[in-house]
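Worksheet for the structure shown next.
Please read all numbers here as calculations on a predicted model, not as lab measurements. No hydrogens, no waters, no symmetry mates; every other heavy atom, side chains included, goes into these values.
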Amino acid sequence: MRAASIAALAPVVAMACTLVLPQAALGADYLRGSQIEQPAEAPPMFGGGRFDWSGFYFGGGAGVSETKFKPGEGLRALANSAFRNTDLVAERDMGSFINDLPDKRDSGTQFFGIAGYNYLFDDVVLGIEADYTRSGHEYRVTDYIARRSTMSSGRVYDWAMATNQAAKLNDYATLRLRMGWAYGRIMPFATIGAALGRFNTTSTIDADIAIVNNPDQANETRTRGAGYPLRVGNVKNNTYAFGLSGGVGVDWALTDNLFLRAEYQIIRFAEVEGTTTTVNTGRVAAALKF
């Protein structure tokens with residue numbers, strides 16, 4: 001009777017083991033953490049790992065610029081032209097009366113936009129980038145010169161010149177090659193390329209001359225020269241100048257599609273209407289990469 005009871009319980013015990021043992025194993029796995037999903041590790045913020053710098057990007061930023069304007073010798077040539085209709089230039093170099101004009105500087109915040117494309121060769125990044133910057137930096141130098149000159153013939157002239165040299169850099173654009181080295185999410189780079197600037201310029205002399213009759217006498221009189229007062233030179237708007245651009249900087253990828261930039265850029269424009277312009281800029285930017 002006892003043996004029969006035990007034999008009858010055997011199938012029940014086998015079924016219970018079948019149901020209980022897998023649940024016990026599952027509980028053990030749970031305690032070990034095998035059922036807990038591990039969060040994905042965040043990408044390293046500085047260096048480390050791989051990041052694909054290739055592709056198109058665009059963005060914008062702001063910077064602080066110092067623009068140096070260097071006046072040339074154009075006013076001295078204009079001075080002789082201003083008195084070309086008189087015999088004064090036969091015995092006088094009128095340009096010598098114009099002092100060397102000092103360099104002038106203007107500075108302030110500028111805003112810009114960028115767009116470019118990168119190619120990735122292992123850790124080497126080569127690309128091309130264009131940018132556009134609003135400027136508005138300008139300078140102006142004016143002077144007034146008046147003299148009395150006696151010619152070898154005995155003729156005496158009273159003459160005067162009002163000089164005006166000025167330039168305003170409205171805006172400019174560059175097209176540059178970029179060369180960088182990818183260190184994970186950090187990429188230092190250097191740039192070199194061409195620039196095009198749009199200027200408003202002024203380079204004029206307002207001249208006047210008179211023949212002095214009976215100089216230094218009580219009955220002294222003056223006869224203004226024919227064609228005077230006379231203005232020579234030009235006032236021009238939207239005059240363009242080419243230049244060279246270079247710079248160094250570093251890009252930092254915050255995400256797979258967003259990076260920040262810090263950069264130094266220098267641009268040297270060719271002389272335009274008597275003024276040579278150099279722009280030094282420290283700037284920061286943010287850009288989206290695709």
Side-chain angles (χ1 to χ4, degrees), residues 45-47 51-70 103-139 167-199 240-254 257-272 275-290:
M45 297 298 285
F46 296 96
F51 180 76
D52 185 5
W53 285 98
S54 64
F56 172 76
Y57 61 90
F58 74 94
V64 177
S65 295
E66 181 186 71
T67 303
K68 175 183 175 182
F69 298 97
K70 183 176 180 62
D103 296 347
K104 293 292 184 178
R105 287 175 167 82
D106 195 5
S107 61
T109 302
Q110 297 184 345
F111 298 93
F112 64 95
I114 57 173
Y117 194 93
N118 288 329
Y119 298 90
L120 184 63
F121 303 93
D122 292 329
D123 292 328
V124 177
V125 180
L126 298 178
I128 187 169
E129 180 176 291
D131 66 16
Y132 169 79
T133 304
R134 290 287 297 175
S135 178
H137 290 178
E138 60 185 328
Y139 88 102
K168 179 180 180 181
L169 176 58
N170 296 311
D171 48 17
Y172 57 88
T174 71
L175 183 63
R176 298 166 292 140
L177 296 176
R178 290 210 318 154
M179 299 150 284
W181 182 268
Y183 177 66
R185 291 180 173 269
I186 300 294
M187 185 186 70
F189 63 88
T191 65
I192 187 170
L196 179 66
R198 183 170 64 96
F199 293 81
Y240 292 90
F242 289 98
L244 296 176
S245 171
V248 293
V250 60
D251 286 348
W252 172 26
L254 292 180
N257 300 104
L258 174 66
F259 67 87
L260 301 181
R261 171 180 298 179
E263 182 182 16
Y264 165 75
Q265 184 185 73
I266 181 172
I267 300 174
R268 175 71 179 269
F269 291 104
E271 182 176 312
V272 53
T275 299
T276 302
T277 305
T278 303
V279 184
N280 289 276
T281 305
R283 59 188 194 172
V284 293
L288 295 175
K289 188 183 80 69
F290 300 93

Task: Step-by-step side chain to side chain contact (heavy atoms under 4.5 Å, CB included) determination, Val250 to Ile186 - done: CA-CA 7 Å; Val250 60; Ile186 300 294; 3.8 Å; yes

Task: Main-chain N/O of Trp53 paired to Asn118 side chain as donor or acceptor, under 3.5 Å - done: yes

Open item on the list: Quick one, Ile266 and Val279 - any side-chain contact, counting heavy atoms below 4.5 Å?
Closed with: no

Open item on the list: Around atom CD1 of Ile192, are there more than 12 heavy atoms from other residues, nucleotides or ligands closer than 6.0 Å?
Closed with: no

Task: Candidate pair Val125 and Phe189, rule side chain to side chain contact (heavy atoms under 4.5 Å, CB included), full reasoning - done: CA-CA 8 Å; Val125 180; Phe189 63 88; over 6 Å; no

Open item on the list: Return the CE to CZ distance between Met187 and Phe259, rounded to the nearest 0.5 Å.
Closed with: 7.0 Å

Open item on the list: With heavy-atom distances below 4.5 Å as the criterion, would you say the side chains of Phe58 and Ile114 are in contact?
Closed with: no

Open item on the list: Please enumerate all residues that pass ring pair (Phe, Tyr, Trp, His ring centres under 6.0 Å) together with Phe121, with sequence neighbours excluded.
Closed with: none

- [ ] For the residue pair Leu196 and Tyr240, establish whether any side-chain heavy-atom pair is separated by less than 4.5 Å.
- [x] yes

For residues 242-249, which side-chain donor-acceptor pairs fall under 3.5 Å, sequence neighbours excluded?
none

- [ ] Please list, chain by chain and in numerical order, all residues satisfying salt bridge (charged side-chain N to carboxylate O under 4.0 Å, His left out) with Asp171, sequence neighbours excluded.
- [x] Arg134, Arg198

- [ ] Please test Leu260 against Leu254 for side chain to side chain contact (heavy atoms under 4.5 Å, CB included), starting from the C-alpha separation and ending with a verdict.
- [x] CA-CA 7 Å; Leu260 301 181; Leu254 292 180; 3.8 Å; yes

Task: Shortest non-hydrogen contact from Gly63 toward Phe112 - done: N-CE2, 4.3 Å

Task: salt bridge (Lys or Arg N to Asp or Glu O under 4.0 Å): pairs with one or both residues in residues 279-290, sequence neighbours excluded - done: Asp131-Arg283, Glu263-Arg283

Task: Distance, nearest 0.5 Å, that separates OG1 of Thr191 from CZ of Arg176 - done: 4.5 Å

- [ ] For Ser54, enumerate each residue passing the side chain to side chain donor-acceptor pair (under 3.5 Å) test, keeping only those at least two apart in sequence or located in another chain.
- [x] Asp52

- [ ] With rounding to the nearest 0.5 Å, note down the distance linking CZ in Phe51 to CH2 in Trp252.
- [x] 12.5 Å

- [ ] Please name all residues satisfying ring pair (Phe, Tyr, Trp, His ring centres under 6.0 Å) with Phe111, sequence neighbours left out, ordered by chain then number.
- [x] none

- [ ] Might you work through the side chain to side chain contact (heavy atoms under 4.5 Å, CB included) test for Lys70 and Thr275, ending with a clear yes or no?
- [x] CA-CA 6 Å; Lys70 183 176 180 62; Thr275 299; 6.0 Å; no

Open item on the list: Do Thr278 and Ile267 have side chains that approach each other closer than 4.5 Å (heavy atoms only, starting at C-beta)?
Closed with: no

Open item on the list: Quick check for you: to the nearest 0.5 Å, what is the distance between Tyr117 atom OH and Phe56 atom CZ?
Closed with: 10.0 Å

Open item on the list: Holding to ring pair (Phe, Tyr, Trp, His ring centres under 6.0 Å), I want the full list of residues that pass it with Phe199, two or more places apart in sequence or in another chain.
Closed with: Phe269

Task: Asn280: side chain to side chain donor-acceptor pair (under 3.5 Å) partners, not counting sequence neighbours - done: Tyr264

TODO: Could I get the full list of ring pair (Phe, Tyr, Trp, His ring centres under 6.0 Å) partners for Tyr132, not counting sequence neighbours?
DONE: none

Open item on the list: Suppose we screen for side chain to side chain donor-acceptor pair (under 3.5 Å). Which residues come up paired with Asp123, at least two apart in sequence or across chains?
Closed with: Arg50

Task: side chain to side chain donor-acceptor pair (under 3.5 Å) contacts touching residues 56-69 (sequence neighbours left out) - done: Tyr57-Glu129, Tyr57-Arg178, Ser65-Gln110, Ser65-Thr281, Thr67-His137

